[in-house]
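Accompanying notes for the structure given below.
Chain letters run A, B, ... following the sequence lines, proteins first, then strands; residues in each count from 1.
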2 protein chains.
Amino acid sequence: MTLHHDIARKLAEAGIPLTSQRLLIACELFAEHCHLSADELLLRVGSLTPDISRATVYNTLKLFSQKGLVQELVVDNGKRVYDSNTAPHPHCYNADTGELTDVHQPLQLAGPLPELPPGTALERVDIIVRVRNVA
Amino acid sequence: MTLHHDIARKLAEAGIPLTSQRLLIACELFAEHCHLSADELLLRVGSLTPDISRATVYNTLKLFSQKGLVQELVVDNGKRVYDSNTAPHPHCYNADTGELTDVHQPLQLAGPLPELPPGTALERVDIIVRVRNVA
DNA sequence: CTTCCGGTTTAGACTGTGTCTAAAAACTGA
DNA sequence: TCAGTTTTTAGACACAGTCTAAACCGGAAG
């Protein structure tokens, strides 16, 4: 039961047909619990094989996030990063370094959610703790 | 006591020397409580006079947010928008339309904040309620 | 009044991130 | 094998934002 088999099963469960490119991308993405941008991922995958194009990386990441395999999030620098931890959890963003980390301690909201605009349904609630380096 | 005087005083209190461009930009920004991106603002100001360049709009918005006159925030589409309401308050983001609105009902966090990474200080906590259009 | 000088504005080139398109390649089922 | 569909690809494109070097402006000094 290698990591590859594990990931292949994950993709199959999400209804995503397996291709070699998707396998490689997923492998990088799930290997460590971290937040990767499309270009960082392209760099990593590209250093393994020269055979994966930029468009494929972007397409695949979008597909994965649509299927709920990863969580897409955007912070201050305007870059999209993909989090392989799909459980709802808050993030910590360092506005000086741009570093984004998970907050493992659960942060709950006190009280009920506000009434949503008519015609809309809740997707999720993002909580981002913004910090700065102290001088 | 016109709106212009009001805004001029606001800038002065923040230690920002007054210029005609800054006055116009601030005027648009504070006129209605809304969330404007740099390009939208450029469009609005540009329709009044042809005399304000893109670089100035970007510079001015950055200056204003550094001085605490507006709050800069980034959501899913990767665009920066500027909120003239600087009090901490949650936002509602429609992932289908890209629309960003204020949530006036205060949402508090239950429990204490997590311990921050060493060497950092809290700036603020962003809460974004993500919704989608129902089918 | 003229000159100087710092801060401000400007046009336009540039960068980085993400999207689109049309064609090639790789599957799939008959 | 063949046709039809899905996937991948390279490269052009779009957009938001930054950078740079020059022009501009207003006040202080001479």
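Note: CG (L23(B)) to C1' (dT8(C)) measures 15 Å, nearest angstrom. Here the P atom of nucleotide dG7(C) and the CG atom of L18(B) are 17 Å apart, to the nearest Å. Distance CZ (R80(B)) to C1' (dC15(D)): 13 Å, rounded to an integer number of Å. Here the P atom of nucleotide dC13(D) and the OH atom of Y58(A) are 18 Å apart, to the nearest Å. Distance CG (L24(B)) to P (dT8(C)): 17 Å, rounded to an integer number of Å. Atom pair I16(A):CD1 and dT6(D):C1' shows a separation of 14 Å (rounding to whole Å applied). Residue L61(A) contributes atom CG, which lies 14 Å from atom P of dT17(C) at whole-angstrom precision. In this structure, the CG atom of L42(A) is 14 Å from the P atom of dT19(C), given to the nearest Å.
D39(A) has its side chain within reach of Y58(A): a pair of non-hydrogen atoms, C-beta onward, lies under 4.5 Å apart. Residues Q71(A) and P88(A) are not in side-chain contact: their nearest non-hydrogen atoms beyond the backbone lie 4.5 Å or more apart. Contact annotation: the side chain of R44(A) approaches that of L36(A) to within less than 4.5 Å [non-hydrogen atoms, C-beta and beyond]. Between D126(B) and D126(A), every side-chain heavy-atom pair lies at or beyond the 4.5 Å cut-off. The closest side-chain heavy-atom distance from L100(B) to D83(B) is not below 4.5 Å.
For R130(B), the side chain to side chain donor-acceptor pair (under 3.5 Å) partners are E123(A), D76(B), not counting sequence neighbours. Applying the side chain to side chain contact (heavy atoms under 4.5 Å, CB included) rule to P117(A) yields the partners T120(A), C92(B); only residues at least two apart in sequence or on another chain are considered.
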Got a list of protein N/O to nucleotides 10-15 of chain C N/O distances below 3.5 Å?
unit_1, atom_1, unit_2, atom_2, d
dT10(C), OP1, D51(B), O, 2.0
dT10(C), OP2, S53(B), N, 3.1
dT10(C), OP2, T56(B), OG1, 2.7

Pairwise N/O distances under 3.5 Å, protein to nucleotides 22-27 of chain C:
none

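For the side-chain hydrogen bond (donor to acceptor under 3.5 Å, both in side chains) condition, the pairs that include at least one residue of residues 12-21 of chain A, sequence neighbours left out, are R9(A)-E13(A). Pairs engaging residues 67-101 of chain B under the ring-ring contact (aromatic ring centres under 6.0 Å, His included) rule: H35(B)-H91(B), H89(B)-H91(B) [sequence neighbours left out]. For residues 94-103 of chain B, the pairs satisfying salt bridge (Lys or Arg N to Asp or Glu O under 4.0 Å) are D96(B)-R132(B), with sequence neighbours left out.
Of the listed nucleotides (dT9(C), dA16(D), dT17(C)), dT17(C) has the atom at the smallest distance from the side chain of K79(A). With dT7(D), dT18(D), dA16(D) as the candidates, the nucleotide lying closest to the side chain of K62(B) is dT18(D).
In the hydrophobic clustering, V103(B) connects to no other residue, as no ILVMFWY side-chain heavy atoms lie under 4.5 Å from its own. Cluster note: V74(B) groups with V74(A) through ILVMFWY side-chain heavy atoms spaced under 4.5 Å, whether in direct contact or through intervening members.
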With a cut-off of 3.5 Å and sequence neighbours excluded, list every side-chain donor-acceptor pair involving residues 59-70 of chain B.
unit_1, atom_1, unit_2, atom_2, d
N59(B), ND2, A55(B), O, 3.3
T60(B), OG1, T56(B), O, 2.7
S65(B), OG, K62(B), O, 3.1

Practice item. Using a 4.0 Å cut-off on protein heavy atoms (strictly under), produce a 5'-to-3' string for nucleotides 24-29 of chain D with B for base contact, S for backbone-only sugar-phosphate contact, and - for none. Key: ------

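At the phosphate of dT6(D), neither OP1 nor OP2 sits under 4.0 Å from any side-chain N or O atom of T19(A).
In DNA chain C, stems built from 3 or more consecutive Watson-Crick or G-U wobble pairs, each with both distances under 3.5 Å, span C:1-30 with D:1-30.
Taking every heavy atom of both residues into account, A26(A) and I7(A) meet most closely at CB-CG2, 3.5 Å.
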